[in-house]
Protein chains: 2
Amino acid sequence: MSVTIKDIAAAVGLSTASVSRILNGRGRYSAASAKRVQAAAAELGYFKNRSAADLASPQQRRTIGVINYLAATNANDQVIQGILAEARERDVEVTIMYAQRDNQASITRVVKSMIERQVFAVLFLSVRPDQTVVDTLRQARIYPQEVASASDLNISSVSSDDFQIGYQATDLLLRRGYRRIAFVGADPQKDIIGRYRYAGYTAALQAYDVTPAKEWLFIGDGQYSYHSGLAAVTDFSEHPQTAVDAVFATSDDTALGIVNGLYDLGRPFSPGSLAVIGVDGSSTCTRARPQLSSMTQSFDLIGRTAVAEAVHAGDQVDQIKRIEIPFTIEERQTTPTKK
Amino acid sequence: MSVTIKDIAAAVGLSTASVSRILNGRGRYSAASAKRVQAAAAELGYFKNRSAADLASPQQRRTIGVINYLAATNANDQVIQGILAEARERDVEVTIMYAQRDNQASITRVVKSMIERQVFAVLFLSVRPDQTVVDTLRQARIYPQEVASASDLNISSVSSDDFQIGYQATDLLLRRGYRRIAFVGADPQKDIIGRYRYAGYTAALQAYDVTPAKEWLFIGDGQYSYHSGLAAVTDFSEHPQTAVDAVFATSDDTALGIVNGLYDLGRPFSPGSLAVIGVDGSSTCTRARPQLSSMTQSFDLIGRTAVAEAVHAGDQVDQIKRIEIPFTIEERQTTPTKK
DNA sequence: CTGAAAGCGCTTACAG
DNA sequence: CTGAAAGCGCTTACAG
C-alpha cells in the first residue's frame with residue numbers, strides 16, 4: 001500500500017539492494033544512480049519503514065527510553081531538555097513514555113513496552129521502579145538508571161547531592177541568624193531524597209548546637225507539594241509555641257506554599273515573618289512575590305549526564321554508579337538576615 | 001542474542017506459529033500448550049520484538065503521534081493527560097516527540113520520524129506546521145491535526161473558541177465597570193489565536209461603545225509570555241496618559257506578569273489598581289497572590305477530543321474539521337468591581 | 001558499481 | 001489443535 005524501496009527499484013531499474021545503499025548513503029554506488037533514486041523517492045513520496053529497517057539491522061544502542069510522569073509542576077521538563085540535547089549530539093534516539101508516578105503496574109507496563117522497542121537503557125525521571133522492574137530490565141540487557149532522583153535500589157543514578165542540599169540550605173538560614181528552622185514537605189521516613197535532605201538539615205543544625213524540636217518537622221502529603229507548604233503555615237500558626245522562624249522547604253512549590261500561606265493568613269511575607277528557602281530553582285522562584293531563594297539544581301546537566309552515562313555504560317547493565325551533579329544556592333528575597 | 005519465539009518453540013516442542021498464537025491469544029490452541037508456552041516465555045525472559053511484529057502485521061491505525069515542544073510553562077501537559085487517557089480507553093498507542101516550536105526544520109525532522117513509525121495521525125500541540133508538512137502527511141495518508149491551537153492552514157483543529165474567549169473576557173471586565181481595557185501578550189497580526197481573541201476583544205468593547213486606543217495594545221514578544229505582562233506594566237506606568245484600568249491578558253502567564261509588575265512598581269495589586277484577567281486556567285491562577293481570574297480552557301477535554309477525532313477521521317486524511325471546546329470563566333481576585 | 005539471496009522475528013492464511 | 005510456508009520491508013555480506 002505505501003511505497004517501498006521495491007517501488008523505487010522498479011521505477012529506476014535498479015535492485016532494492018542498490019536503492020537501500022543509496023538511501024542510506026552506505027557502500028558504493030554511482031552518482032548518477034543516486035540522483036535517480038533520490039528523485040524517484042521524492043517523486044513517489046517514499047518514507048522508510050522503521051520497523052523493517054530496525055528488524056533487518058538491529059541497531060545496537062540506538063535508542064534510549066525515558067519514563068516520565070505528569071505532575072502539576074514538573075521540573076522534569078528541564079531534565080528532558082538536557083536529555084534531548086545530549087542525545088542529539090550523540091546521535092541517539094529518545095523514546096519518552098509516561099507512567100503514573102508510584103504505580104508499579106503502570107511502570108511495569110511502560111517498561112515492557114520499552115523492552116519491546118529494544119531500547120538500550122531506560123531513564124526513570126523521578127519515577128521509582130521497584131526491584132522487580134530493575135531486574136527485568138537487566139535481564140533484558142537494558143541499563144536502568146534513575147535520574148533526578150535516587151532510591152535504595154541497586155541502580156545507577158544521576159542527581160544532586162541531597163545531603164548537601166539539606167545541609168547548605170539549613171546552613172544558609174543559620175548564617176542569616178535563624179535558629180528555629182522547620183523542615184517541610186518531604187518525608188524523611190519514606191523516601192530517600194527526603195532522608196538525605198533531612199540528614200543534611202539536622203547535621204547543619206547540630207553544627208550550630210541546635211536540636212530540632214519534633215514540631216519543626218512538617219511532612220504534609222510528603223509529596224514536596226505546594227499544598228504541604230500551605231498546610232505547614234496553618235499548622236505553625238495554630239501552634240505558636242512551635243515558634244519556628246524559618247523553613248527549609250524541600251521544593252520550590254512547597255516554598256511557594258509557605259509564602260502564600262503567610263499571605264492568606266493576612267500577614268504577608270516580610271523580613272521578620274518567616275524566612276524560607278526552597279529547592280529546585282524552577283521558574284516559580286522568580287515569578288513569586290517575594291522571589292524565592294532556592295537551592296538550584298542543574299537539571300539540564302543532570303539530563304545530559306544521564307544520557308552520557310547510559311551511552312557509556314554500554315552493555316554493562318549491572319554497573320552501578322551514583323553520580324552527583326553540583327547545585328547552586330540562589331538567594332533571593334525570602335532569606336533576609338534575621339532581624 | 002535476545003530470546004525469540006523460536007527459542008520458546010524449541011523449548012516446548014511446538015512450532016513458532018503456535019507460540020505466536022498463544023502469546024497473542026489469537027486462534028485456537030490447547031490450554032495445556034498455552035500453559036507450557038507461558039511458562040517457557042517467563043522462564044526464558046521473552047519479550048516481543050515490536051519491530052518484527054509491526055512489520056509482520058502492520059496494524060492499521062494503532063499509534064497516534066503527538067508533537068510537543070518544551071516551554072517554560074506548559075499547558076500542554078494537561079492536554080497530554082487527556083490524550084493519554086482517551087488513547088488508553090480506545091486502545092491506541094501514543095508516540096510523543098518534541099520539536100522546537102516555530103522551527104520548521106525541526107518540525108519536519110520530527111514529522112518524518114513519525115511517518116517512518118507508521119502513525120495514523122499526528123497531533124500538533126501548539127506547534128505550527130507549515131503547509132508543506134501538512135501536505136506531506138496527507139500524502140503519506142496520515143491525518144494531521146492541530147490541538148489547542150489553530151492556524152490559517154487547511155488542517156483540522158481542536159481548540160477553544162478564541163473569539164469568544166476574547167469577547168467574554170472583555171465583556172466581564174466591562175460588566176465590572178472597566179472601560180479602558182488593554183490587550184496584552186498576543187500579536188493580533190501574526191498569529192491566528194491572537195487575531196481571534198483581539199477580534200473578540202474589540203467586538204465586546206464596541207458593544208459598550210468604547211473605541212480602543214492604540215496604546216491599549218501591548219504585544220511585547222508576542223509569545224503570550226510572563227515577560228510581556230511585566231513589560232506592559234512598565235509601559236503603562238511610563239505613559240500615564242494611557243490610563244488603562246484593566247487588562248485582558250492573553251495567557252495566565254501574562255496576567256501574572258501584570259500582577260507582579262504592579263508589585264515590583266511598589267503598588268501591589270489592589271481593587272482600584274488595575275484589574276486583570278488571563279487565559280488558560282493553569283495552576284498559576286490559584287498559586288498567585290492575588291489569585292488570577294482566568295478564561296479557563298478545558299485542556300483535558302481538548303486532548304481527549306483530539307484523539308477521538310483522529311481515530312474517527314480514519315483515513316479521511318483530507319477531512320478538515322474545526323472543533324471548538326467550551327471554556328469557562330473563573331473569576332478570582334483580580335477582577336473586582338471597579339471602584 | 002550492482003544484484004541475488006538470505007535473513008531479521010513475527011504473523012497469518014492455508015492445510016491437515 | 002498444530003505446523004509448514006510465505007511474507008512483511010529493509011539490510012548486508014558475498015559475488016561478480
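Order of the sequence lines fixes the chain letters, A, B, ..., with proteins taken first and strands second; residue numbering starts at 1 for each chain.
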Pick base, sugar-phosphate or nothing for [X], based on heavy-atom distances below 4.0 Å to the nucleic acid.
| X | answer |
| --- | --- |
| S30(A) | sugar-phosphate |
| N24(B) | sugar-phosphate |
| A17(B) | base |
| S51(B) | nothing |

Between atom [atom1] in [X] and atom [atom2] in [N], what is the gap in whole Å?
| X | N | atom1 | atom2 | answer |
| --- | --- | --- | --- | --- |
| R21(B) | dC10(C) | CZ | C1' | 12 Å |
| I22(A) | dC1(C) | CD1 | C1' | 10 Å |
| R36(A) | dC1(C) | CZ | C1' | 13 Å |
| L14(B) | dC1(D) | CG | P | 13 Å |
| L55(B) | dG7(D) | CG | P | 14 Å |
| N49(A) | dC8(D) | CG | C1' | 8 Å |
| E116(A) | dC10(C) | CD | P | 10 Å |
| R28(A) | dA13(D) | CZ | P | 16 Å |

**OP:** Could you let me know what dA13(C) is paired to, Watson-Crick or G-U wobble, both distances under 3.5 Å, or none if it's on its own?
**Re:**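 Its partner: none found.
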
Original post:
Using purine N1 to pyrimidine N3 plus N6-O4 or O6-N4 for Watson-Crick, or N1-O2 and O6-N3 for G-U wobble, both under 3.5 Å, which nucleotide pairs with dA4(C)?
Top reply: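 Partner of dA4(C): none found under 3.5 Å.
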
Subject >> Upstream residue (5' side of DNA chain D) when S57(B) and S15(B) are each assigned their closest nucleotide >> reply: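 Counting from the 5' end, the first nearest nucleotide belongs to S15(B).
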
For [N], does OP1 or OP2 lie under 4.0 Å from any side-chain N or O of [X]?
| X | N | result |
| --- | --- | --- |
| Y29(A) | dG3(C) | no |
| S20(B) | dT11(C) | yes |
| R26(A) | dT12(D) | yes |
| K6(B) | dC8(C) | no |

Subject >> Gap separating the CD1 atom of I64(B) from the CD atom of Q145(B), nearest 0.5 angstrom >> reply: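 Here the interatomic distance stands at 7.5 Å.
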
**OP:** Determine, step by step, whether S126(A) and Y69(A) satisfy the side-chain hydrogen bond (donor to acceptor under 3.5 Å, both in side chains) criterion, reporting the C-alpha distance in whole Å, the side-chain angles of both residues, the deciding distance to 0.1 Å, and the verdict.
**Re:** CA-CA 8 Å; S126(A) 305; Y69(A) 73 100; 5.0 Å; no

Using a strict threshold of under 4.0 Å (side-chain N to carboxylate O), is an ion pair present between [Y] and [X]?
| X | Y | value |
| --- | --- | --- |
| R322(B) | E146(B) | no |
| D91(B) | R62(B) | no |
| R36(A) | E43(A) | no |

Original post:
If you check the S18(A) side chain, which of dT11(C), dG3(C), dG3(D) turns out closest?
Top reply: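 Of dT11(C), dG3(C), dG3(D), dG3(C) is nearest to the side chain of S18(A).
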
Subject >> Nearest-neighbour nucleotide for the S33(A) side chain, dC8(D), dC8(C), dT2(C) considered >> reply: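 Between dC8(D), dC8(C), dT2(C), the one nearest the side chain of S33(A) would be dT2(C).
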
Original post:
Can you find an N or O donor on one side and an acceptor on the other, under 3.5 Å apart, linking the side chain of R50(B) with the base of dG9(C)?
Top reply: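 Result: no qualifying N/O pair found.
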
Original post:
Nearest heavy-atom pair of S2(A) and D7(A): which atoms, and what distance?
Top reply: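 Reported closest heavy-atom pair: O-OD2, 4.0 Å.
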
